[in-house]
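Just the heavy atoms: all of them, side chains too, but no hydrogens, waters or symmetry mates, feed the values below.
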Amino acid sequence: MNGGLLVAGTTSDAGKSVVTAGICRWLVRQGVKVAPFKAQNMSLNSFVTRQGAEIGRAQAMQAQACRIEPTALMNPVLLKPGGEQSSQVVLMGRPVGELSARGYHGGRQQKLLGTVLDCLAELRGTYDAVICEGAGSPAEINLRRTDIVNMGIARNARLPVLVVGDIDRGGVFASFFGTVALLSPEDQELVAGFLVNKFRGDVSLLEPGLEMLQGLTGRRTYGVLPFRHGLGIDEEDGLRVSLRGTVRESTVTPPVGEDVLRVAVCAIPLMSNFTDVDALAAEPGVVVRFVDRSEELADADLVVIPGTRGTVRALEWLRERGLTDALVRRAAEGRPVLGICGGFQILGEHIEDEVESRAGAVDGLGMLPVRVRFAREKTLTRPAGKALGERVEGYEIHHGVASVEAGDAFISDDEGHSLDGCRVGQTWGTHWHGSLESDGFRRAFLREVAAAAGRRFVPAPDTSFAALREEQLDRLGDLIEQHADTDALWRLIESGAPQGLPFIAPGAPA
């Protein structure tokens, strides 16, 4: 088998990432050697591979669904927004510059097509099947000429295309029909059919519409996936606050101790890797919410300032919202605050930034004795160490270099030498993303937080974040196996789009 498939969507957030992960997990359970691929990803949630390459977290999770290590081949182009008009371009895991949307779509994007196709070819030469994820909608006709992630790659690699639609939003039939009808005849030849996502109710009531859709387009529906809570893998869109990626979202688990712990996450601009708090949300009795007002910090047992693509901008936002005074008061009162990556930098005394914001010298909150200087070279590592007597692993993605001038080390090596971060009282800071996924460390940290907050909270002794992630991926595989026509999907992946699919007028404009 040397198959492939492109999972496209009628819109952004139609469920492409989830469906791709589900198909990958279903295939690997059938003994197929499979890999994920997304040519171009726009996301502030990223991950670092073992080789030190930065890729989208969704592709890292899809690699986990395939039970393989993620590599830069799986997401050769990553765009990290720095605002509404520009993004950092990460190519093969390394930043290569900052471009405006017009500059990227005006020429740079098309030049990357060769790199993208080479990566896909290498994956297809190594694996039995490669399941590709599109971006946005393939019917974005204003961008089709330079497209390298939807029909542009499907045409070049001769991939069959499955279009996913979110029926929970409404208008799914019009979206399916309109998506096909806005494609050129050459593109339409590759669109094999549809997959309905997030359906609630009796499927028999939907079937007449699916039959009419097939009559109108000549294309079948490959499955109807029911609505399920808590199935989202790591979110791609860091410009929008969502907790749909948390693994315990739909499970009401009572706390082990007498109290719950309330965690408030500051919803700062350009949040990056806010999936760090998923591990907290996985703990029974831990309640996680995003906040943007100072009064919402009052009853929080722990306040988290997450990572951000705009440290100085986020600091200004905290000041504008009056959150800085509340945070400084918390520190003075010995109430827990945790800063992660950009959040850690914000807690320091001084920031020198001629790289990210180009703001120059900026005063931080002064809650930690740390000075930060932004370097042009980005730190991309997968470190490991010890904290609170427990083993901890993480990954680093940052331009800011922290100089810790006092306080206690947060994370150390086996000999007790500082590796990262700083702690003063109950104010903590670290550059390490993903550290809370280390179960022993997370429990030890939550015990410290509970003691400082005066809560009779007890971490569950058996919560395994890795096991919960595996359960979640298996649930995605189950959805495909139980609610999609897997025989037809198999033929599609192995043999390509059916021949003789009809053209739907009007097609793409000339």
Side-chain angles (χ1 to χ4, degrees), residues 42-46 57 80-88 234-246 262-281 288-298 300 302-331 335-351 353 355-359 362-368 370 372 374 396-400 402 421 427-436:
M42 178 172 280
S43 178
L44 287 172
N45 284 335
S46 57
R57 273 198 67 99
K80 302 193 73 174
E84 298 296 330
Q85 298 293 328
S86 67
S87 294
Q88 183 181 65
D234 294 349
E235 289 283 352
E236 290 192 352
D237 190 354
L239 297 173
R240 180 169 45 86
V241 173
S242 173
L243 264 181
R244 285 176 303 122
T246 56
R262 295 172 177 84
V263 179
V265 184
C266 295
I268 55 180
L270 297 174
M271 262 195 301
S272 62
N273 290 69
F274 57 87
T275 48
D276 284 331
V277 300
D278 283 2
L280 295 177
V288 178
R289 68 183 189 274
F290 286 92
V291 302
D292 61 3
R293 296 181 298 179
S294 60
E295 57 266 32
E296 294 177 293
L297 304 186
L302 169 67
V303 174
V304 177
I305 307 177
T308 173
R309 172 81 164 84
T311 299
V312 171
R313 178 177 169 186
L315 180 56
E316 292 171 350
W317 181 88
L318 289 168
R319 287 185 169 127
E320 290 167 0
R321 294 264 174 169
L323 288 160
T324 53
D325 291 341
L327 289 167
V328 171
R329 280 197 305 272
R330 284 186 69 89
R335 302 176 67 196
V337 177
L338 171 64
I340 302 175
C341 199
F344 170 36
Q345 297 165 8
I346 285 169
L347 295 179
E349 296 175 345
H350 183 80
I351 298 169
D353 181 12
V355 176
E356 190 176 76
S357 68
R358 297 180 177 85
V362 177
D363 289 334
L365 297 188
M367 295 166 61
L368 290 174
V370 174
V372 176
F374 274 68
E396 295 185 64
I397 307 171
H398 55 91
H399 284 280
T427 301
W428 316 65
T430 176
H431 271 130
W432 291 19
H433 293 291
S435 60
L436 293 167

With the side chain counted from C-beta on, respond yes when Asp276 and Val304 share a heavy-atom pair under 4.5 Å apart, and no when they do not. no

Short question: side chain of Arg309, backbone of Lys80 - any donor-acceptor pair under 3.5 Å? yes

Atom CG in Asp363, atom CZ in Arg319: separation rounded to 0.5 Å? 6.5 Å

Tell me, with the steps shown, if Ile305 and Leu327 meet side chain to side chain contact (heavy atoms under 4.5 Å, CB included). CA-CA 10 Å; Ile305 307 177; Leu327 289 167; 3.7 Å; yes

Within the 4.5 Å heavy-atom criterion, are Ile340 and His433 side-chain neighbours or not? yes

Taking the side chain as every heavy atom from C-beta outward, state whether Arg57 and Asn273 have any pair of such atoms under 4.5 Å apart. yes

Contact between Val370 and Leu347 at the side-chain level, heavy atoms closer than 4.5 Å - yes or no? no

Aromatic ring pairing His431/Phe344, orientation class (parallel under 30°, perpendicular over 60°, tilted between): perpendicular

What's the verdict on side chain to side chain contact (heavy atoms under 4.5 Å, CB included) for Leu318 and Ile268, showing C-alpha distance, side-chain angles and the deciding distance? CA-CA 7 Å; Leu318 289 168; Ile268 55 180; 4.0 Å; yes

Can you check whether Leu365 reaches Ile346 side chain to side chain, under 4.5 Å on heavy atoms? yes

Using side-chain heavy atoms (C-beta onward) and a distance below 4.5 Å, is Thr311 in contact with Val362? no

Indicate the atoms forming the closest heavy-atom contact of Cys266 with Val303, along with that distance. SG-CG1, 3.8 Å

Between Gly400 and Val372, which heavy-atom pair has the shortest distance, and what is it? CA-CG1, 3.9 Å

Could you tell me whether the side chain of Thr308 reaches within less than 4.5 Å of the side chain of Pro269, counting heavy atoms only? no

Measure the OG1-CG distance between Thr430 and Leu338 for me, rounded to the nearest 0.5 Å. 8.0 Å

Between Glu396 and Cys341, is any pair of side-chain heavy atoms under 4.5 Å apart? no

For Gln88, all residues meeting side chain to side chain donor-acceptor pair (under 3.5 Å), sequence neighbours excluded: Lys378, His399

I'd like to know whether Val312 forms a side chain to side chain contact (heavy atoms under 4.5 Å, CB included) with Glu356, so could you lay out the CA-CA distance, the side-chain angles of the two residues, the decisive distance to 0.1 Å, and finally the verdict. CA-CA 8 Å; Val312 171; Glu356 190 176 76; 5.9 Å; no

Approximate separation, where rounding is to 0.5 Å, of Leu315 CG and Ser357 OG: 10.0 Å

What one should report as the nearest heavy-atom pair of Glu349 and Leu368 is CG-O, 3.4 Å

Hey, mind stepping through Phe274 and Leu44 against side chain to side chain contact (heavy atoms under 4.5 Å, CB included) and telling me if it holds? CA-CA 9 Å; Phe274 57 87; Leu44 287 172; over 6 Å; no

Rounded to the nearest 0.5 Å, how far apart are CG of Asp325 and CG of Leu297? 11.0 Å

Rounded distance [0.5 Å steps], CE in Met367 versus CH2 in Trp428: 13.5 Å

Using side chain to side chain contact (heavy atoms under 4.5 Å, CB included) as the criterion, list what pairs up with Arg262, not counting sequence neighbours. Val260, Arg289, Asp299, Asp301, Arg455

Can a donor-acceptor pair be found, under 3.5 Å and without considering hydrogens, that links the side chain of Arg335 to the backbone of Ala300? yes

Does Arg330 reach the main-chain N or O of Pro336 with its side chain, forming a donor-acceptor pair under 3.5 Å? yes

